[in-house]
Amino acid sequence: MPSPLTTAPPSWFAAALLNWYPRHRRDLPWRHTRDPYAIWLSEVILQQTRVKQGLPYYLDFVTTYPTVQDLAAAPQDEVLRHWQGLGYYSRARNMHHTAQQVVQEYGGQFPGSYHELLKLRGVGQYTAAAIASFAYDEQVAVLDGNVFRVLARVFGLTQDIAAPASRKAFQQLADTLIPADQPAEFNQAIMEFGAIQCTPAKPDCLFCPLQQQCFAFQHGMVQELPVKSKAKAARTRYFHYLVLRHADTVYLRKRGPKDIWEGLYDFALHETESAELQAVAVVEVVESLGGRVATDRVEEPTAALRHVLSHQKVEAKFHAVWLETPLPTATLAATGLAAYRAAEIEELPKSILITNYISNSGI
DNA sequence: TTCCTGCGCC
DNA sequence: GGCGCAGGAA
């Protein structure tokens with residue numbers, strides 16, 4: 001097993017990155033501000049999102065909510081609607097909560113240090129370090145996927161980066177490497193270096209300024225590092241959506257906690273252990289909701305639409321059903337279902353699965 | 001199709 | 001340690 005770094009922190013590492021960065025950096029809007037609110041917005045959006053996908057969302061959020069007060073005052077549905085399509089919707093709910101917390105408990109001013117930032121909901125070690133260094137020049141090293149990869153390769157760290165326990169070694173190393181005089185520039189540089197030069201699959205080792213010092217390159221281990229254990233296989237769930245329609249309305253409900261897509265809207269859901277659900281069963285399910293199915297108005301269900309999440313695969317069939325009469329109020333109270341017109345549905349926050357169904361079915 | 005990336009909460 | 005989302009690359 002190769003030996004990791006055991007000597008004093010090398011000066012060549014920061015020097016090489018700080019030389020590389022201004023020549024290769026992408027021009028991104030959040031790199032032109034030191035406003036902690038804007039930096040926080042960008043970091044929360046970029047937490048599990050690539051720059052290319054997150055950029056339009058960042059521009060939308062800073063335009064729609066120029067200040068933390070604007071974001072705090074917005075209804076949750078509206079914030080989720082703006083977040084729609086980014087995934088990991090708890091990020092949006094936490095972000096909204098934190099905006100309200102900053103307004104109410106911090107007088108509208110973001111906390112001014114790494115340790116204070118850590119107290120905010122949705123702000124973990126990475127985001128706190130990013131904001132503290134970018135906005136306040138605090139000397140605290142960021143540790144994200146890029147940094148793990150760069151450090152593992154350059155210094156030959158073989159710990160499993162998916163295991164929380166291995167975080168210590170990386171953090172310790174990063175903390176020794178970050179220079180006191182340019183912490184923000186260093187953090188930007190190492191992450192950008194990982195994103196552009198030291199990429200996961202095909203790093204540009206040929207033109208890499210760290211080629212001579214890089215442990216992985218010198219030992220032919222670039223493809224082996226970083227070490228990362230694989231996630232366990234996702235389970236499959238079978239969703240039968242009852243798209244209950246009456247007159248010009250469709251019934252939807254806001255999803256509750258402890259399951260995927262919390263806070264987003266979907267249709268009446270009948271989940272089964274298998275993909276099967278006979279047409280006659282649809283009528284029974286609707287009647288169990290107190291609905292009266294209009295004669296001959298049960299359409300063939302859609303083909304199964306597959307949707308993959310982090311730890312689940314969803315196979316969903318949509319059954320459009322026209323009702324003779326509106327659902328009884330007792331059912332609405334019990335299920336959370338409510339009738340919406342097409343224009344209202346457009347405004348509700350929805351998962352990509354539901355959004356795709358609606359656009360393909362022409363509601 | 002399959003694989004992979006990406007941070008924080010519980 | 002388990003789990004949450006979507007999209008792009010292989």
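We name chains A, B, ... by the order of the sequence lines, and we start the count at 1 in each one. Hydrogens, waters and symmetry mates are skipped; everything else that's a heavy atom, side chains included, is used.
Between A/N187 and A/S133 the shortest heavy-atom distance is ND2-OG, 3.1 Å. Taking each heavy atom of A/V147 and A/L143 in turn, the nearest pair found is CG1-CD1, 3.6 Å.
Distances from the side chain of A/I260 to the nucleotides B/dG8, B/dG6, C/dG4 place C/dG4 closest. The side chain of A/I352 lies closest to C/dA6, out of C/dA6, B/dC7, B/dG6. Here the side chain of A/W261 is nearest to one of C/dA6, C/dC3, B/dG8, namely C/dA6.
Each of A/K228 and A/Q125 has a nearest nucleotide on DNA chain B; the 5'-most of these lies closest to A/K228. Heavy-atom distances to DNA chain C give each of A/A163 and A/S310 a nearest nucleotide, and the one nearer the 5′ end belongs to A/A163.
Taking atom CZ of residue A/F170 and atom P of nucleotide B/dG6, one finds them 13 Å apart after rounding to whole Å. In this structure, OH of A/Y126 is placed 17 Å from P of B/dT5, rounded to the nearest angstrom. For A/E262 and C/dC3, the CD to P distance is 16 Å, given to the nearest whole Å. For the pair A/R306 CZ and C/dG7 C1', the interatomic distance rounds to 18 Å; values are reported in whole Å. The distance between atom CD of A/Q312 and atom C1' of C/dG2, rounded to the nearest whole Å, is 12 Å. One can place NE2 of A/H96 at 20 Å from P of B/dG8, the figure rounded to the nearest angstrom. Taking atom CG of residue A/N146 and atom P of nucleotide B/dC4, one finds them 17 Å apart after rounding to whole Å. One atom, CD1 of A/I161, and another, P of B/dC7, lie 10 Å apart when rounded to the nearest Å.
A/R81 CZ: more than 12 foreign heavy atoms inside a 6.0 Å radius. Within a 6.0 Å sphere centred on CD of A/E224, heavy atoms belonging to other residues, nucleotides or ligands number more than 12. Counting heavy-atom neighbours within 6.0 Å of A/R34 CZ, excluding the residue itself, gives a total above 12.
Between the side chains of A/R255 and A/S351, no donor N or O sits under 3.5 Å from an acceptor N or O. If you check the side chains of A/Y126 and A/Q47, you find no donor sitting under 3.5 Å from an acceptor. Between A/N94 and A/R91, the side chains place no donor N or O within less than 3.5 Å of an acceptor N or O (distance only, hydrogens not considered). A donor and an acceptor atom, one from each side chain of A/T64 and A/D60, are located under 3.5 Å apart.
The stretch residues 82-95 of chain A touches DNA chain B through A/Y88, A/N94, each having a heavy atom within less than 4.0 Å of the strand. Heavy-atom distances under 4.0 Å link DNA chain B to A/P200 of residues 187-211 of chain A, given in residue order. For DNA chain C, the residues of residues 34-60 of chain A within the heavy-atom distance limit of 4.0 Å (strictly under) are A/Q48, A/Q53, sorted by number.
Phosphate contact (OP1/OP2 of C/dC5, side-chain N/O of A/H307, threshold under 4.0 Å): absent. Applying the 4.0 Å criterion to OP1 and OP2 of C/dC3, one finds that A/K232 has a side-chain N or O inside that range.
Relative orientation of the A/F61 and A/Y65 rings is tilted, given thresholds of 30° and 60° on the angle between their planes.
If you check distances only, the side chain of A/H311 does reach the base of C/dG4 with a donor-acceptor pair under 3.5 Å.
Taking the six-membered ring where the residue is Trp, the centroids of A/W12 and A/F155 are separated by under 6.0 Å. Taking the ring centroids of A/H307 and A/W261, they lie under the 6.0 Å cut-off.
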